[in-house]
Amino acid sequence: MDDSQVEQRLAEATKEGAASAVQLASDTAESGDDTQVFNARVIATVNGAPIFAGDVLDRYGDYLRTARTKLPPEDYIKLREAIIQRDLRGHIERRLLVERMRSGMKPDQAKQFEQYIDKLFETEVANLKGTLKALTRTELELALKERDSSLATVREAFATNRMAMEYLATKIERPPAPTRPELVAYYQEHLDDYAIPPRVKWQQIQVSWDGRTTRNEARAKIVQAQQELQKGVPFEAVAKKFSDGPTATEGGHWDWTQNGSLAETKLEEQLFSQPVGKVSDVWEGKNAFHLIRVVDRQTESRQPFAEVQDAIEEKLTNDRQKNLPQDFVKKLFDEAIIETPYKLEE
């Protein structure tokens, strides 16, 4: 962790709600490393079951150990408390989901699910061995102990997270598809999102002057191009022969160009005022002469509902699916008996 990360965490630690908990921690942190004592502190009870500081802080073991060496003791305490303040609600919510899941299981179902979790956890153990460079389970336990953790603690956190996800996946029903009136109502409320600004399709013959071509030479060349157009030579052929513009090889064709998108304001004014199909007179830009022809032009419009209906339906469906787990968890949270000195914000 570098100094900038320390400063960022320290700034987070000053958020409202951490101050009261800081005083609780400071009593045991005045001398030495209080990690084990602090981790054993009950920071909340949920329906009578305790949650310890270590349950929340275990995943931050390496980070907190490094922070302790970089921060003054009082700032380290603030940092640790800020992490609890931030993460405690989510930890409680996962506990509630697991509690609800287990309450609905028969003994044989609970046993089978624990075996399923154990099997999944073996992959996590293998990953931990690689991360901590441990060859055996015993070496892994020792490495975790150095980080103020244990394999049992890691397994408990893994099981809690996995069971919470499994329970949500089985209990959250797929929301009903949005009705057509709902889709239309959304479209009407967000008309600005489907606005199409004025735009043109056009062709260009550009003859520039630079260190190799003088302004008079460029003018003579654009006049030659103009004369060929007047003789009936197709614009595409003349552009390929005379133009040095970026689309010369494509016959000078530009795709739809929106009003306000060009740096050359004079050119843009010409495009949105010139009659469709007519070739302009020669006009002078910043460092080139131009001939342009407007192929098509559209005034300000809006994507029709039929074109965006599927996209609106997908958005509304995704929004409903995203909100359902939040609503379900909030209901569990509101029904639970929770005691804690921390402020649990949504």
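In this chain, numbering begins with 1 at the start of the sequence shown. Fair warning: this is a prediction, and the values are worked out from it, not measured in the lab.
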Sidechain-backbone polar pair: Arg147 side chain, Ala143 backbone, donor-acceptor under 3.5 Å: yes

Distance-minimising heavy-atom pair for Leu79 and Ala67: CD2-CB, 3.6 Å

Pairing of Lys111 and Asp108 as salt bridge, 4.0 angstrom limit: no

Under 3.5 Å side-chain donor-acceptor pair for Trp283 and Gln270: no

Any donor-acceptor N/O pair, Glu189 side chain to Tyr186 backbone, under 3.5 Å: no

Stacked cation flag Arg100 on Tyr167, 6.0 angstrom / 45 deg: no

Close side-chain approach of Phe289 to Lys221, heavy-atom, < 4.5 Å: no

For the student: nearest non-hydrogen atoms of Pro275 and Val294, plus distance: O-CB, 4.2 Å

Other residues, nucleotides, ligands: >12 heavy atoms within 6.0 Å of Glu339 CD: no

Sub-4.5 Å side-chain heavy-atom contact between Tyr60 and Arg80: no

Connected via hydrophobic side-chain network under 4.5 Å: Phe158 and Met101: yes

Test item: Leu57 and Asp148 side chains (from C-beta on) under 4.5 Å apart, heavy atoms: no

Asp75 side chain reached by Lys78 side chain, heavy atoms, under 4.5 Å: yes

Expected output: side-chain Ser243 to main-chain Ala248 donor-acceptor under 3.5 Å: no

Shortest non-hydrogen contact from Ser261 toward Glu268: N-OE2, 3.1 Å

Donor-acceptor side-chain pairing of Tyr187 and Gln309 below 3.5 angstrom: no

Which atom of Ser149 lies closest to which atom of Val154, heavy atoms considered: OG-CG2, 3.7 Å

ILVMFWY network linking Phe52 to Ile77, side-chain heavy atoms under 4.5 angstrom: no

Asn127, CG: over 12 other non-hydrogen atoms inside 6.0 angstrom: yes

salt_bridge(Arg215, Glu284) N-O dist < 4.0 Å: yes

Which atom of Pro178 lies closest to which atom of Leu183, heavy atoms considered: CB-CD2, 3.8 Å

Charged N-O contact under 4.0 Å between Glu335 and Lys331: yes

Within 6.0 Å of CD1 in Ile337, more than 12 heavy atoms from elsewhere: no

Side chain proximity check, Val46 to Thr340, heavy atoms < 4.5 angstrom: no

N/O donor-acceptor pair under 3.5 Å between Thr317 side chain and Glu313 backbone: yes

Close side-chain approach of Ser301 to Ile196, heavy-atom, < 4.5 Å: yes

Main-chain N/O of Pro176 paired to Arg320 side chain as donor or acceptor, under 3.5 Å: yes

Glu114 and Arg155 ion-paired at < 4.0 Å: yes

Salt bridge flag under 4.0 Å for residues Glu236 and Lys240: no

The single option from Trp256, Trp254, Phe235 passing ring-ring contact (aromatic ring centres under 6.0 Å, His included) against Trp202: Trp254

Donor-acceptor pair, side chain of Asn47 and main chain of Ala336, under 3.5 angstrom: no

For Thr214 against Glu217, the heavy-atom pair lying closest together: N-OE1, 2.9 Å

Shared hydrophobic cluster for Ile292 and Phe272 (ILVMFWY, side-chain gaps under 4.5 Å): yes

Distance-only side-chain donor-acceptor flag, Gln203 / Arg293, under 3.5 Å: yes

Crowding at NZ, Lys129 (>12 non-hydrogen neighbours, <6.0 Å): yes

Joint hydrophobic cluster, Val56 plus Ile338, side-chain heavy atoms closer than 4.5 Å: yes

For Asn287, side chain to side chain donor-acceptor pair (under 3.5 Å) partners two or more places apart: none

Verify same cluster id: Leu64, Tyr342 (apolar side-chain graph, 4.5 Å): yes

Chi angles and distances behind the ring pair (Phe, Tyr, Trp, His ring centres under 6.0 Å) call for His190, Tyr194: CA-CA 7 Å; His190 298 82; Tyr194 306 107; 7.6 Å; no

Within 6.0 angstrom of Arg65 CZ, more than 12 heavy atoms from elsewhere: yes

NZ/NE/NH1/NH2 to OD/OE distance under 4.0 Å, Glu99 and Arg94: no

Thr247 and Glu250, any side-chain heavy atoms less than 4.5 Å apart: yes

Close side-chain approach of Phe121 and Arg162, heavy atoms under 4.5 Å: no

Side chain Glu124, main chain Leu128, donor-acceptor under 3.5 Å: no

Asp34 side chain vs Val37 backbone, donor-acceptor pair below 3.5 Å: no

